[in-house]
Amino acid sequence: MAHQWRGVIREYAQRLPVGPATRIISLGEGGTPLVFAPALSELTGSKVYLKVEGMNPTGSFKDRGMTMAITAAVESGAEAVVCASTGNTSASAAAYATQAGIKCAVLVPDGKISMGKLSQAIAHGAELLQVNGNFDNCLDVARKLSENYPVFLVNSVNPARIEGQKTAAFEVVDFLGDAPDYHLLPVGNAGNITAYWKGYREYAESYISATAGELPAVSTKTPIMWGFQAAGSAPIVAGHPITEPDTIASAIRIGNPASWQQAETARDESGGLIDSVTDEEILAAHRWLSSKEGVFVEPASAAGVAGLLKHHAAGNVPTEKTMVITVTGHGLKDPQWALRTADGSDIEPTKVEFDVVSVANALGLTGL
Ligand code: F0G
């Protein structure tokens, strides 16, 4: 008999800050596929898996954190939430706030988020403000708003978000039977790398649960964490904030990540790295995923794969290891990038008349 996945809070209740009386706000997030990537595995000689987070209810990993953040907002009696976003957080916040029956305000950089994400926030009835500034400016205002007005902040500076997002690391270990040797992912505001590292550490150590006492370690090790920023928006790599971040990967166009310090901790404690990938490398990885692995992602989501390809070309990727790469959001969020060739020209679908000979000719088929 088929079993429905119950959402990350119910599946991992013992390891999350919830109790029996908590009213859980969930859209069934998590339980996303860990897909074996044959082409990347063949290229590298390691076993490469993709954690396909585009399969979450609103199409990105943000839902894992948002189920916790909106649950916490409701628990605290909040009637309205606010977030700054490059698009995915706002789509997620709007959907979960709708289920909770509370108001949602989102601040997005004007003209800098994809149509798919904009439509999600609007469809769910969020109060959407396009701010004349970048993501970092939006986050600054959202924080001040939550400090001075009756609105609850659901950005990843809220610890509830990190708690929810750490469940992705639990799923990886639960599916593989142990932690992978390496974990690669994109880095923007740096909440996700913080959350994965927390999850991996908690699974490798015995864990003191609020509801269940001491839980034994689940994995024997933690992975080496490799994070990738977009070259035009790579403050952690540069070692200083970027005041005018720029990249086609709009989801990670961030110049001053809120969880900067925690990302460096994940890098250093795991013996990993945080590096940058160019827009060309991101688009090549985006194309690799759709054309060789069968997985369609939005550009920012391909940054981890771009990092793997870059380090493979430089001879830095070991063979015979297990590697997991998080692909963070669905390709349908920002589909325009699929309709361009590598050299930037538009791809026009072929038009035909509705007869079999025209179709066969267009496909280059000869008769039997
Ligand atoms: N990938 C996608 C598709 C994202 O939307 C984001 C962040 C990231 C990667 C980076 O994750 O911030 O935890 O390091 N998007 C945020 C938003 C900023 O507002 O949707 P991070």
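Each residue takes its place number in the sequence, starting with 1. Just follow the structure's listing: the first ligand is 1, and inside any ligand the first atom is 1.
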Please list the nearest protein heavy atom to atom 15 (N) of ligand 1 with its residue and the distance rounded to 0.1 Å.
Lys62 NZ, 3.0 Å
Should you measure from each heavy atom of Val187, which atoms of ligand 1 turn up under 4.0 Å away?
14 (O)
Does Ser156 come within less than 4.0 angstrom of ligand 1, counting non-hydrogen atoms of the residue?
no
Between the side chains of Arg64 and Thr167, is a donor N or O closer than 3.5 angstrom to an acceptor N or O?
yes
Considering Gly227, Ser92, Gly188, which one's heavy-atom position lies nearest to atom 14 (O) of ligand 1?
Gly188
Near Thr86, which atoms of ligand 1 are under 4.0 Å from a heavy atom of that residue?
15 (N), 16 (C), 17 (C), 18 (C), 19 (O), 20 (O)
Can you name the atoms of ligand 1, numbered from 1 with element, that are less than 4.0 Å from a heavy atom of Gly191?
13 (O), 14 (O), 21 (P)
Output the distance between atom NE2 (His286) and atom CZ (Phe296), rounded to the nearest 0.5 Å.
5.0 Å
Pairing donors with acceptors under 3.5 angstrom, does anything connect the side chains of Asn361 and Ser358?
no
Polar contact flag, side-chain donor to acceptor under 3.5 angstrom, Thr326-Tyr196:
yes
Using a strict 4.0 Å cut-off to heavy atoms of Ser85, name the atoms of ligand 1 that fall inside it.
17 (C), 19 (O), 20 (O)
Protein contact to atom 8 (C) of ligand 1 [nearest heavy atom, distance to 0.1 Å]:
Ile252 CG2, 3.5 Å
Among all protein heavy atoms, pick out the one at the shortest distance from atom 4 (C) of ligand 1; state its residue, atom name and that distance to 0.1 Å.
Ala251 CB, 3.6 Å
Which protein heavy atom lies closest to atom 11 (O) of ligand 1, and at what distance to 0.1 Å?
Phe61 CZ, 3.4 Å
Near Asn88, which atoms of ligand 1 are under 4.0 Å from a heavy atom of that residue?
2 (C), 3 (C), 4 (C), 5 (O), 20 (O)
Would you call Glu320 and Lys47 a salt bridge, taking side-chain N to carboxylate O under 4.0 Å as the test?
no
Does a sphere of radius 6.0 Å around CD in Glu269 hold more than 12 heavy atoms from other residues, nucleotides or ligands, not counting ones at 6.0 Å or beyond?
yes
Distance from atom 12 (O) of ligand 1 to nearest protein heavy atom, with residue and atom:
Asn189 N, 2.7 Å
Taking both backbone and side-chain atoms of Ile254, is any N or O found less than 3.5 Å from an N or O belonging to ligand 1?
no
Contact check: Ser301 vs ligand 1, nitrogen or oxygen atoms, below 3.5 angstrom:
no
Minimum-distance protein heavy atom relative to atom 13 (O) of ligand 1
Asn192 N, 2.8 Å
To which protein heavy atom is atom 9 (C) of ligand 1 closest, and what is the distance rounded to 0.1 Å?
Thr328 OG1, 3.5 Å
Basic-acidic side-chain contact under 4.0 Å: Asp181, Lys221:
yes
Output the list of atoms in ligand 1 that are nearer than 4.0 Å to some heavy atom of Glu298, sorted by atom number.
3 (C)
Judged by modelled atom types alone, do Asn56 and Glu29 share a side-chain donor-acceptor pair under 3.5 Å?
no
Mark yes or no: Arg15 above the aromatic ring of Phe170, with NZ or CZ under 6.0 Å from the six-membered ring centre and no more than 45 degrees from the axis.
yes
Any side-chain donor-acceptor pair under 3.5 Å between Lys117 and Ser90?
no
Checking side chain to side chain donor-acceptor pair (under 3.5 Å) between Asn88 and each of Glu53, His330, Gln120, Lys333, which is the one that passes?
Lys333
Give the residue, atom name and distance (to 0.1 Å) of the protein heavy atom nearest atom 20 (O) of ligand 1.
Thr89 N, 2.8 Å
